[in-house]
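Beneath this line is the structure, given in structure tokens, with notes to follow.
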Amino acid sequence: MAPTTIDPSRLSLDEHAVAASDGELQHVITGPGALDRLGEVITAMHPTGTVVVLHDATNKFINGLDLYDRLRDIVIDSLDALGLGHDNLRVLLAPAQVGHDVVNDEDTVADVQQAAKDATLVIGVGSGTIGDLAKMAHPDVPLVLVQTALSVNGFADPLSVLVRNGAKRTSSSRWPNVLIIDDDLVAQAPERLARSGVGDAVAIWSAPADWYLSSKLGMGGNYDPTIFAPIREAGLRLGDPDDAAARDGLVHALTRGGLQIGMAGSTAPLSGVDHLISHVLDMAAMAGGQDHDLHGAQVGVATVTALSLWQVIHERDLLNVQTVDLEFPEDLEQRTRETWNHIDPTGKLGDECWDAVSAKAEKWHTATRAAFDGQAAEHRATLEGLTPAPVHVADTLKRWGASTKFSELTPAVDADQARWALKALPYMRNRLTVCDLLLMRGVWNDELLDEVFEKAEQAGGGL
């Protein structure tokens with residue numbers, strides 16, 4: 001893992017990428033016309049055989065021209081320059097599932113790995129799901145990602161969000177070697193994708209609190225505020241009234257966010273209750289064969305909700321408790337399985353989530369928590385400082401025209417679905433969040449959620 005002592009604010013994106021990845025991510029090429037440099041990138045990587053280009057079925061354009069035609073021309077010209085035949089170009093179309101776009105489940109990953117097994121270079125072209133899939137395609141050959149939208153922060157990190165037994169899981173994959181972000185290309189992406197990127201980016205105002213809590217309670221993660229400080233700095237620019245400045249802030253918030261995740265070796269600095277709500281919504285939709293909104297769109301709404309939860313916690317002093325006295329409920333397995341059997345009667349999703357939750361409970365049972373309790377007041381003050389008022393995030397989302405309420409998502413998430421998603425949070429993964437402490441305190445209930453949704457509505461979010 002790269003050292004966390006660098007100051008990204010003093011580095012260009014290119015320099016930041018090299019420092020964060022220990023040289024694995026060699027270049028981040030940005031600006032108008034950045035795609036034109038793909039040819040020189042391919043030539044420098046000097047593939048000796050098959051070049052795989054992976055993308056989805058969505059039509060994309062750059063400066064009025066078909067993106068895939070442009071890519072094909074660039075790759076073929078590069079193959080010619082290298083003395084390789086045109087039959088060395090292999091285009092892989094990532095499979096979509098009924099009712100969904102591409103889903104990175106076990107079958108999809110296996111199919112792409114089989115199709116790319118003889119590749120000497122992989123080029124992934126698309127938004128976050130394709131980027132994650134391309135990172136899984138072949139571990140031992142160069143990888144170039146062409147980012148087509150400012151939709152998530154996951155391009156510039158060595159992790160992939162995959163679906164395992166119906167559950168969203170973040171898995172180690174690999175760094176891309178080159179990331180290309182062409183202003184002309186991302187500017188022509190549907191505006192809802194940029195709004196999704198804003199939703200993903202604003203989680204920086206809530207996620208670090210869960211990371212802090214987990215780290216200080218001995219539940220994993222080495223909390224380091226220098227990891228998220230530069231992302232918060234970039235995030236402040238999202239509210240700039242100048243569109244160009246705000247968009248530049250989005251590029252930096254997402255790309256530097258991915259790089260800092262890579263440095264931390266975990267998504268925890270940028271993924272807390274906010275992302276967990278989005279994952280739960282995704283899982284419910286997939287289990288029911290239904291569609292769901294973009295990840296970042298859901299994260300934005302969920303961040304307003306998460307900060308509203310923190311506001312209630314601070315006002316009611318709900319963390320003023322001796323954690324050494326807290327344990328998960330004895331019927332934790334039953335609660336976990338009932339939660340997921342509600343949407344997946346086969347029990348497969350319940351099995352997957354219980355594996356994760358039981359590991360979390362076992363770790364909690366053995367964690368040394370007395371030190372936290374000895375400085376409890378200081379920890380509560382730090383957590384309050386890490387979690388601003390939810391109106392800050394709601395206003396940023398509104399500035400971009402992004403959703404702030406569950407009912408504004410596409411498709412809309414109704415009040416019952418939203419309430420179920422929040423109730424499910426302690427029963428999904430092995431990483432501790434504040435919801436787990438509230439569950440152990442016996443206050444993770446409808447009364448608390450009513451307060452949370454009311455706070456969110458006052459801030460401009462909620463149901």
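For the numbers below, each heavy atom of this structure counts, side chains included, while hydrogens, waters and symmetry mates do not.
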Between Asp446 and Lys423, does a salt bridge (charged side-chain N to carboxylate O under 4.0 Å, His left out) hold up when you go through it step by step? CA-CA 8 Å; Asp446 286 327; Lys423 284 184 176 180; 2.9 Å; yes
Nearest-0.5 Å distance that lies between atom OG in Ser196 and atom NE2 in His295: 7.5 Å
Can you tell me how far the CD atom of Gln417 sits from the OG atom of Ser407, to the nearest 0.5 Å? 11.5 Å
Start with the C-alpha distance between Glu327 and Arg369, add both sets of side-chain angles, then the distance that settles salt bridge (charged side-chain N to carboxylate O under 4.0 Å, His left out), and finish with yes or no. CA-CA 12 Å; Glu327 292 294 343; Arg369 308 191 295 271; 3.4 Å; yes
Is there side-chain contact between Asn430 and Val357, with at least one heavy-atom pair below 4.5 Å? no
Can Gln298 and Asp282 be counted as having a side-chain donor-acceptor contact under 3.5 angstrom? yes
Is the backbone N or O of His392 less than 3.5 Å from a side-chain atom of Thr396, with the two atoms forming a donor-acceptor pair by type? yes
Minimum heavy-atom separation for Asp157 and Gly262, please, with both atom names. CB-N, 4.2 Å
Just grab all the salt bridge (Lys or Arg N to Asp or Glu O under 4.0 Å) pairs involving residues 345-358, residues at least two apart or on different chains. Arg164-Glu352, Arg169-Glu352, Arg337-Asp351
Distance in Å, Leu238 CG paired with Ile204 CD1, rounded so as to fall on 0.5 Å steps: 11.0 Å
For the residue pair Leu25 and Ser21, what are the closest heavy atoms and their distance? N-OG, 2.8 Å
Is a side-chain donor or acceptor of Asp274 paired with a backbone partner of Ala302 at a separation under 3.5 angstrom? no
Hey, is the main chain of Trp354 close enough, under 3.5 Å, to the side chain of Ser358 for a donor-acceptor pair? yes
I want to check something: taking the side chain as every heavy atom from C-beta on, are Asn341 and Thr339 in contact at a cut-off of under 4.5 Å? no
Could you check whether any side-chain N or O of Ser403 sits under 3.5 Å from a backbone N or O of Lys405, counting only pairs where one atom can act as donor and the other as acceptor? no
Results of side-chain hydrogen bond (donor to acceptor under 3.5 Å, both in side chains) for Gln334 - residues two or more places apart only: Glu338
N/O donor-acceptor pair under 3.5 Å between Thr404 side chain and Gly460 backbone: yes
Please confirm whether the backbone N or O of Val434 pairs with a side-chain atom of Asp210, one donor and one acceptor, at under 3.5 Å? yes
Tell me whether the NZ or CZ atom of Arg431 lies within the 45° cone about the ring axis of Trp211 and under 6.0 Å from its centre. no
Step-by-step side-chain contact (heavy atoms from CB on, under 4.5 Å) determination, Leu145 to Val178: CA-CA 6 Å; Leu145 292 185; Val178 175; over 6 Å; no
Any donor-acceptor N or O pair under 3.5 Å, side chains His314, Thr387: yes
Is there a donor-acceptor pair under 3.5 Å between the side chain of Asp132 and the backbone N or O of Ser160? no
Report the C-alpha distance between Leu162 and Met136 in whole Å, list the side-chain angles of each, state the deciding distance to 0.1 Å, and finish with yes or no for side-chain contact (heavy atoms from CB on, under 4.5 Å). CA-CA 10 Å; Leu162 307 177; Met136 299 295 296; 3.9 Å; yes
To the nearest 0.5 Å, how far apart are CG in Leu439 and CG in Leu332? 7.0 Å
At what distance, to the nearest 0.5 angstrom, does CD of Glu191 lie from CH2 of Trp400? 7.0 Å
I need the minimum non-hydrogen distance between Tyr68 and Asn59, along with the two atoms involved. CE1-CA, 4.5 Å
List the atom of Ala389, the atom of Gln311, and the distance in Å for their closest heavy-atom pair. CB-NE2, 4.5 Å
When you compare the side chains of Ser12 and Asp14, does any donor N or O come within less than 3.5 Å of an acceptor on the partner? no
What I'd like to find out is whether the side chain of Arg174 reaches to under 4.5 Å of the side chain of Leu143, using heavy atoms alone. yes
Have Arg237 and His252 got a donor and an acceptor in their side chains that come within less than 3.5 Å? no
Could you tell me if the side chain of Leu193 sits less than 4.5 Å from the side chain of Leu150, heavy atoms only? no
Charged N to carboxylate O under 4.0 angstrom, Asp243 versus Arg399? yes
Could you walk me through whether His292 and Leu409 pass the side-chain contact (heavy atoms from CB on, under 4.5 Å) test, one step at a time? CA-CA 8 Å; His292 57 77; Leu409 294 169; over 6 Å; no
Residues Leu432, Leu217; criterion side-chain contact (heavy atoms from CB on, under 4.5 Å); working and verdict: CA-CA 9 Å; Leu432 184 89; Leu217 283 167; 3.9 Å; yes
Under 3.5 Å donor-acceptor, Thr433 side chain and Cys435 backbone: yes
Would the distance check show the side chain of Asp373 and the main-chain N or O of Thr323 forming a donor-acceptor pair, the cut-off being under 3.5 Å? yes
Over all atoms of both residues, closest heavy-atom pair of Leu437 and Leu319: CD2-CD2, 3.9 Å
Answer yes or no: are there more than 12 heavy-atom neighbours, outside Asn222 itself, under 6.0 Å from its atom CG? no
Would you call Leu318 and Leu438 a side-chain contact if the rule is heavy atoms closer than 4.5 Å? yes
Closest approach of Asn320 to Arg441 (non-hydrogen atoms, all atoms of both residues): O-NH1, 4.3 Å
Around atom CD of Gln188, are there more than 12 heavy atoms of other residues, nucleotides or ligands at under 6.0 Å? yes
Answer whether the closest heavy-atom distance between the side chains of Lys360 and Asp436 falls below 4.5 Å. yes
Taking the side chain as C-beta and beyond, is there a heavy-atom pair between Phe228 and Gln260 under 4.5 Å? no
Sequence neighbours left out, what passes side-chain hydrogen bond (donor to acceptor under 3.5 Å, both in side chains) with Asp416? Give chain and number order. none
Without hydrogens or angle criteria, can the side chains of Thr108 and Asp105 be said to hold a donor-acceptor pair below 3.5 Å? yes
Once you measure the plane-to-plane angle for Trp340 and Trp420, does it fall in the parallel (<30°), tilted (30-60°) or perpendicular (>60°) bin? perpendicular
Check: Thr410 main-chain N/O paired with Asp293 side-chain donor or acceptor under 3.5 Å: yes
Can a donor-acceptor pair be found between the side chains of His27 and Asn177 at a distance below 3.5 Å? no
I need the Ile29 CD1 to Leu179 CG distance, nearest 0.5 Å. 8.5 Å
Side-chain heavy-atom pair Lys60, His55 within 4.5 angstrom cut-off: no
